[in-house]
Amino acid sequence: VRVAAIENPQLSLLCLDVALSDIDLALPQLLLKRTDKHEQVRIFQDGHVVRETLEVFNLSSTPKLLDLRAEGVYLITGGTGGLGLELALEMAHQARARSIHIKLALTATTELPLQSEWENVVSEVTTSDKLRTKLQKLLEIQACGAEVYCYAVNSADRIQTQNLLASLRAQLGDIAGVVHAAGRAGDGFLINKSPVQMYEVMAPKVQGAWLLDELTEQDSLDFFVMYSSIASHCHEAGQSDYTAANRFIDALAVQRRARNLPALAVCWPAWRETGIAVEYNAVSENELFFPVNTKEALQMLAAVLADAENLPAAIVLSQLNGEKTTADLEQLNLVGSQAVISKLNKSTARKTGRPSSGAQVRVEPVGVDNPDEYDLMVSDVWSRVLGVVELHADESFNNLGGNSILVTQKYKEFDSRHPGVMDMTDLFTYTTLREQAKFFRKALAPEEPVAERTDRDLDQELEEQLAKLVAGEISLEEAQALV
């Protein structure tokens, strides 16, 4: 709902989050008027409306070690992905430092070459950089003394997951810990997504976590970690399925804690050196939460696991960007504690009165000889959003580097200049600069006054057409059409 509201700001959406046992008490809440224009979800608990609040916590500055058992078996779904491999390597390093032997079971959706072939595949010229990097990391894990087992498993498939867990118990020993790091990025506006597309993004996280929760309930686990995402809280257009999947993981962690089972959902920001954000070139230093380095991320994870009982089940492991303001917090529909507000208020004070960053650049679209105010307005918006100064009037927004997130920014910019004129759906109908300028011209330009035609004008026009007909310049059918 929150992402849908971002993608369609012209719609008024409200979702009531309530337990079935409280549904009768909560229904009147839907009739209450909104006090916050950014509110899309109203949470009803214990007879009251509550808001999720961003709290600050401080981790111990003393480095912590992961809780590893000798001969322990550790399952990492998505373990041959970027984040999974970094965790596996850290576990192997820590086990070697403590003279502990561990067994790592890493899953992926695609099968890797046989372990006996890893070194040869790495040395082959035809091996892709991605596969070579992955195998090199696996060889490094092995060199630390850890046993490594890689499995091609669909984490959303019950039979495959069930068979995997049974095999691990029978062949390797007791499962000591689980890290659910499987996931798939999403992209595209909700209005354009098919159920199949949404399932492909949501299933690895949602169904995968659900199955692991159910099928390891009888195992004596030291930890059960699920990799969630900052997308759970900082919502972005085009990420409806991905956001929903991560919100589910956060809720499952809370529910497991209520059953006295170990659980931690880590809402990771972007990692600077590996992971989905790097693959999609989506690492930004200008977000509310800073990205993390690999070493920093793993140290924070160990620290949180060491004190998990005293921390929330779902937690963001990142530093708050001190350059952001309370307005940025409100824009994300987040409520901050007093400590958060205090930190952001300092930033707001610093930014007040700051001069603008230079003169405005006039951007003229290529392919338009005499651009009018509508051509220039659309060009200016595109230039600001895309960060370019050369724009062809007939090139589509996506071809110039646009994506679902930038489409939303473009819509907000248009709506701030001409409120209510354009709907989000119009941006998918009119995709070039020329088409969008024409749309605004038609919607906003004053209509040309039409001169009234007198009887004398009509008589003169009729005589002219008859003269052309007699002279053979036009046919009878053309004359009838003109009349």
Side-chain angles (χ1 to χ4, degrees), residues 1-11 13 15 17 38-41 52 54 78 81-83 156 180-209 226-252 265-271 275-292 314 316-318 321 324 328-334 385-386 397-398 401-412 424-425 427-428:
V1 173
R2 286 165 171 153
V3 175
I6 294 172
E7 295 177 358
N8 302 275
Q10 73 277 12
L11 299 181
L13 303 173
C15 172
D17 185 330
H38 297 298
E39 182 189 22
Q40 284 92 38
V41 177
E52 292 178 315
L54 187 65
L83 273 59
H180 182 45
R184 181 172 177 176
D187 190 30
F189 278 70
L190 187 58
I191 194 173
N192 295 323
K193 288 180 183 285
S194 69
V196 172
Q197 289 173 316
M198 295 192 72
Y199 176 84
E200 289 175 348
V201 173
M202 296 180 69
K205 279 184 175 285
V206 174
Q207 187 71 4
M226 293 175 286
Y227 277 17
S228 179
S229 167
I230 198 67
S232 288
H233 307 286
C234 300
H235 310 115
E236 293 184 350
Q239 299 295 312
S240 55
D241 39 18
Y242 187 67
T243 298
N246 286 295
R247 292 290 294 192
F248 174 87
I249 281 179
D250 298 348
L252 180 59
V266 181
C267 304
W268 287 116
W271 287 35
I276 291 176
V278 173
E279 292 178 15
Y280 279 71
N281 195 28
V283 179
S284 171
E285 301 292 337
N286 194 38
E287 303 294 341
L288 181 64
F289 296 99
F290 278 125
V292 292
V316 177
L317 290 184
S318 174
N321 186 345
K324 291 299 179 179
D328 297 308
L329 194 69
E330 293 170 4
Q331 185 66 33
L332 291 168
N333 193 26
L334 293 174
V385 171
L386 292 169
F397 186 72
N398 283 352
N403 55 37
S404 56
I405 296 172
L406 296 181
V407 167
T408 303
Q409 293 179 13
K410 182 172 64 166
Y411 172 81
K412 289 179 179 178
M424 180 69 77
T425 54
L427 295 177
F428 297 104

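Listed here is the closest heavy atom pair of M226 and A209: SD-CB, 3.9 Å. The shortest heavy-atom contact between K410 and L427 is CE-CD2, 3.9 Å. Shortest non-hydrogen contact noted between V283 and A270 is CG2-CB, 4.3 Å. Residues S228 and D250 share a closest heavy-atom pair of OG-OD1, 2.8 Å. Taking both residues in full, the closest heavy atoms of A185 and V201 are given as O-CG2, 3.7 Å, listed atom of the first, atom of the second, then distance. The shortest heavy-atom contact between F248 and V206 is CE2-O, 3.6 Å.
Looking only at side-chain heavy atoms (C-beta outward), L334 and H233 come within less than 4.5 Å of each other. Side-chain contact between N246 and C267 is absent, with no heavy-atom pair separated by less than 4.5 Å. By the 4.5 Å heavy-atom criterion applied to side chains, E285 and N321 are not counted as neighbours.
Here the side chain of D241 pairs no donor or acceptor atom with the backbone of M202 at under 3.5 angstrom. In terms of modelled atom types and a separation under 3.5 Å, the side chain of H180 and the main chain of P204 share a donor-acceptor contact.
In this structure, Y199 OH and R184 CZ are separated by 11.5 Å, a value rounded to the nearest 0.5 Å. Within the model, atoms OG of S229 and CD1 of I249 stand 9.5 Å from one another, a figure rounded to the nearest 0.5 Å.
With sequence neighbours excluded, no residue satisfies ring pair (Phe, Tyr, Trp, His ring centres under 6.0 Å) with F289. Looking at residues two or more places apart in sequence or on another chain, you find a side chain to side chain contact (heavy atoms under 4.5 Å, CB included) between T243 and V3, A231, H235, Q239, R247. For the ring pair (Phe, Tyr, Trp, His ring centres under 6.0 Å) test, residues two or more places apart in sequence or in another chain that qualify with Y227 are W268. For the side chain to side chain donor-acceptor pair (under 3.5 Å) test, no residue two or more places apart in sequence or in another chain qualifies with S240. Qualifying side chain to side chain contact (heavy atoms under 4.5 Å, CB included) partners for E279, counting only residues two or more places apart in sequence or in other chains: K130. Residues meeting the ring pair (Phe, Tyr, Trp, His ring centres under 6.0 Å) test with F428, sequence neighbours left out: F189.
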